[in-house]
Amino acid sequence: MADYNINVQVNPSDLKSLDIVQKRLQSITKTPVRLNFDVEYKDLDNALSRLSKTADKYEIKPSIDTSVIEEAGKRLSRLGSGALQKVPELIGRMAKEVLSVDTAMSSLYKATDETSTKYNRFLNNAGSASKSVGRDMSSYISQASEWARREYSLDQSEKLSKTSSVYANISEIDDKTAVSNLDAVMKAYNLQYTDALSIVDRYNKLSSEFSVSAKDLGAGMSNAASALSLGGTDINKALAMLTGGAEITQSASDLGNTLKIGQMRIQGIKDSLEALGKESEGVESISKVQAHIQELTKGQVNIMDSADPSKVRDYYDILQDVSKVWDSLKNTEQTYLLDTMFGKSGSNQGAALIRAFQSGQVQKAYDASLHADGSAMQAQEKWIDSMDAKIQQFQGQFQELSTTALDSDFLKGAIGAGTGFLDILTQIADVGGTIPLILGAVGGVKLFKNLDLFYY
């Protein structure tokens, strides 16, 4: 047998890192993803290990038994290049999934201030929690980060992330929009995090029984909830007006703006309208608005509460009263009334809303909203059997596997040492010329380059 004496100066930290990489790669074959070539890979690994066992501290002086190399090459040749080329591709994909999860966790760290124990517990639970709602891990964690930015605790954000995932699933909206829409309504009506699912219940119930989508209802409520809640209109009445009116206008988002402006005009909040850049022409004090509406409706509609004359009535009740006398008004009176209540730019949508009251759709939507409990999870159970859900769950399973096999700390170490690994292999190849033949057969050089994925 021929001997090859190779003298290469090696940093001891590089050897340690190389050993870590080898152990990690070996651990992958123990995961649920069984690689068909695991036995042959172990033989190759044994062959390479024999080369490194003779290393003397910081100098590599192996006496290479070429028969071992030849035998390893024969075994590897039986696998075929197609299967072997999947090794670096698989490792690269897993590393990218780890990066995706790590990026999401980094956002969570910035938005919260918890102990490492709580973060570890959250991450350990994220895999099963995300799969239970049909999302991947990075999506689930990113939503928790969005909730945490809105001043919810980590525990609350964890639970809210499940709710916003369900909303995103059944309404087909992106994660950030799901969180934003729900949070707007929760804050407007001072709802607790445990009440978040009840909002999704209402959206789903109404979208299943009326010609309006859960996505549009969320957008409309984001625009209208704050003003309507301040005016005393509860969430069910607000949703009923949006639902009934949007069946006609086909835009719950625009109708939400109209309701917001209408509520502010009734209350005579001129400064706020101007601050929002909204039409404020004709907006006067509440007493003058009251007098004008009573004059146009011949005293049949009163915007003030009879029990408390200093308080404006519920906007829903005011519009319902207007709808009852609407047909008795002259065209000019109807026009002036719409201008007073909605402004010229919102008069068309205001008229559609009144027609929705007259048809009874608003009242039907109100009753449906009152009886919506459990609707969201029923829809979620149907969705979870869809192809989209299965793909999301598969992605979540792969991310969980990837974070187990290649955790982010390992990847960070591999990135730092990656260049050193390649330097060692290059120096050996320059002298011996035999190792690249083996590494080339299994895509070994590509494997290490893929571990160094952050450099391309």
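Keep in mind that the numbers below use all heavy atoms, side chains included, and drop hydrogens, waters and symmetry copies. It should be emphasised that the depicted structure is a prediction, and the values quoted were computed from it without experimental measurement.
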Separation of [Y] [atom2] from [X] [atom1] (nearest 0.5 Å):
{"X": "Thr340", "Y": "Ile303", "atom1": "OG1", "atom2": "CD1", "answer": "10.0 Å"}
{"X": "Ser369", "Y": "Tyr203", "atom1": "OG", "atom2": "OH", "answer": "10.0 Å"}
{"X": "Arg135", "Y": "Ser165", "atom1": "CZ", "atom2": "OG", "answer": "5.5 Å"}
{"X": "Arg313", "Y": "Ile266", "atom1": "CZ", "atom2": "CD1", "answer": "10.5 Å"}
{"X": "Asp321", "Y": "Tyr316", "atom1": "CG", "atom2": "OH", "answer": "11.0 Å"}
{"X": "Tyr167", "Y": "Asn204", "atom1": "OH", "atom2": "CG", "answer": "10.5 Å"}

Please report the shortest heavy-atom distance between [X] and [Y], naming the atom on each side.
{"X": "Tyr315", "Y": "Gly262", "result": "OH-CA, 3.3 Å"}
{"X": "Lys205", "Y": "Ala372", "result": "CB-CB, 3.6 Å"}
{"X": "Val322", "Y": "Leu337", "result": "CG1-CD2, 3.8 Å"}
{"X": "Gly350", "Y": "Phe342", "result": "CA-CE1, 3.5 Å"}
{"X": "Ala376", "Y": "Val200", "result": "CB-CG1, 3.7 Å"}
{"X": "Thr243", "Y": "Leu217", "result": "OG1-CD2, 3.5 Å"}

Test item: [X] side-chain N/O and [Y] main-chain N/O as donor-acceptor pair under 3.5 Å:
{"X": "Ser139", "Y": "Asp136", "answer": "no"}
{"X": "Ser161", "Y": "Glu158", "answer": "no"}
{"X": "Ser347", "Y": "Asp339", "answer": "no"}
{"X": "Ser145", "Y": "Leu108", "answer": "yes"}
{"X": "Gln380", "Y": "Ile170", "answer": "no"}
{"X": "Gln363", "Y": "Phe357", "answer": "yes"}
{"X": "Ser157", "Y": "Ser153", "answer": "yes"}

- prompt: Step by step, would you call Met221 with Asn181 a side chain to side chain contact (heavy atoms under 4.5 Å, CB included)?
  reply: CA-CA 8 Å; Met221 284 297 287; Asn181 285 354; over 6 Å; no
query: Could you go step by step and tell me if Ser253 and Asn223 meet the side chain to side chain donor-acceptor pair (under 3.5 Å) rule?
result: CA-CA 7 Å; Ser253 178; Asn223 293 333; 3.3 Å; yes
Check this for me: does any side-chain nitrogen of one of [X] and [Y] sit under 4.0 Å from a carboxylate oxygen of the other?
{"X": "Glu333", "Y": "Lys298", "result": "yes"}
{"X": "Arg149", "Y": "Asp183", "result": "no"}
{"X": "Glu114", "Y": "Arg121", "result": "no"}

Is there a side-chain contact between [X] and [Y], using heavy atoms and a 4.5 Å cut-off?
{"X": "Val301", "Y": "Gln294", "value": "no"}
{"X": "Ile384", "Y": "Asn169", "value": "no"}
{"X": "Trp326", "Y": "Leu319", "value": "no"}
{"X": "Asp254", "Y": "Thr249", "value": "no"}
{"X": "Glu146", "Y": "Lys176", "value": "yes"}
{"X": "Leu329", "Y": "Leu296", "value": "no"}

- prompt: Going through the checks in order, is the side chain to side chain donor-acceptor pair (under 3.5 Å) test met by Thr112 and Tyr119?
  reply: CA-CA 10 Å; Thr112 55; Tyr119 287 128; 2.7 Å; yes
message: Assess the residue pair Met186 and Ile199 against the criterion (side chain to side chain contact (heavy atoms under 4.5 Å, CB included)); give the C-alpha distance rounded to whole Å, side-chain angles, the decisive distance to 0.1 Å, and a yes or no.
response: CA-CA 8 Å; Met186 290 170 66; Ile199 302 173; 3.6 Å; yes
- prompt: Does the side chain to side chain donor-acceptor pair (under 3.5 Å) test come out yes or no for Thr233 and Asp314, once each step is laid out?
  reply: CA-CA 5 Å; Thr233 302; Asp314 186 322; 3.0 Å; yes
field: Worked check of side chain to side chain contact (heavy atoms under 4.5 Å, CB included) between Ile248 and Leu255
entry: CA-CA 10 Å; Ile248 299 173; Leu255 186 59; over 6 Å; no
task: Decide side chain to side chain contact (heavy atoms under 4.5 Å, CB included) for Lys237 and Asp317; before the verdict, give the C-alpha distance in whole Å, the side-chain angles of both, and the deciding distance to 0.1 Å.
output: CA-CA 9 Å; Lys237 289 181 176 180; Asp317 294 339; 3.5 Å; yes
field: Partner set under side chain to side chain donor-acceptor pair (under 3.5 Å) for Ser142, not counting sequence neighbours
entry: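 Side chain to side chain donor-acceptor pair (under 3.5 Å) check on Ser142 returns nothing, list empty.
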- request: Apply the test side chain to side chain donor-acceptor pair (under 3.5 Å) to residues Asp195 and Ser198: give CA-CA distance (whole Å), side-chain angles for both, the deciding distance (0.1 Å), then the verdict.
  value: CA-CA 5 Å; Asp195 298 320; Ser198 68; 5.1 Å; no
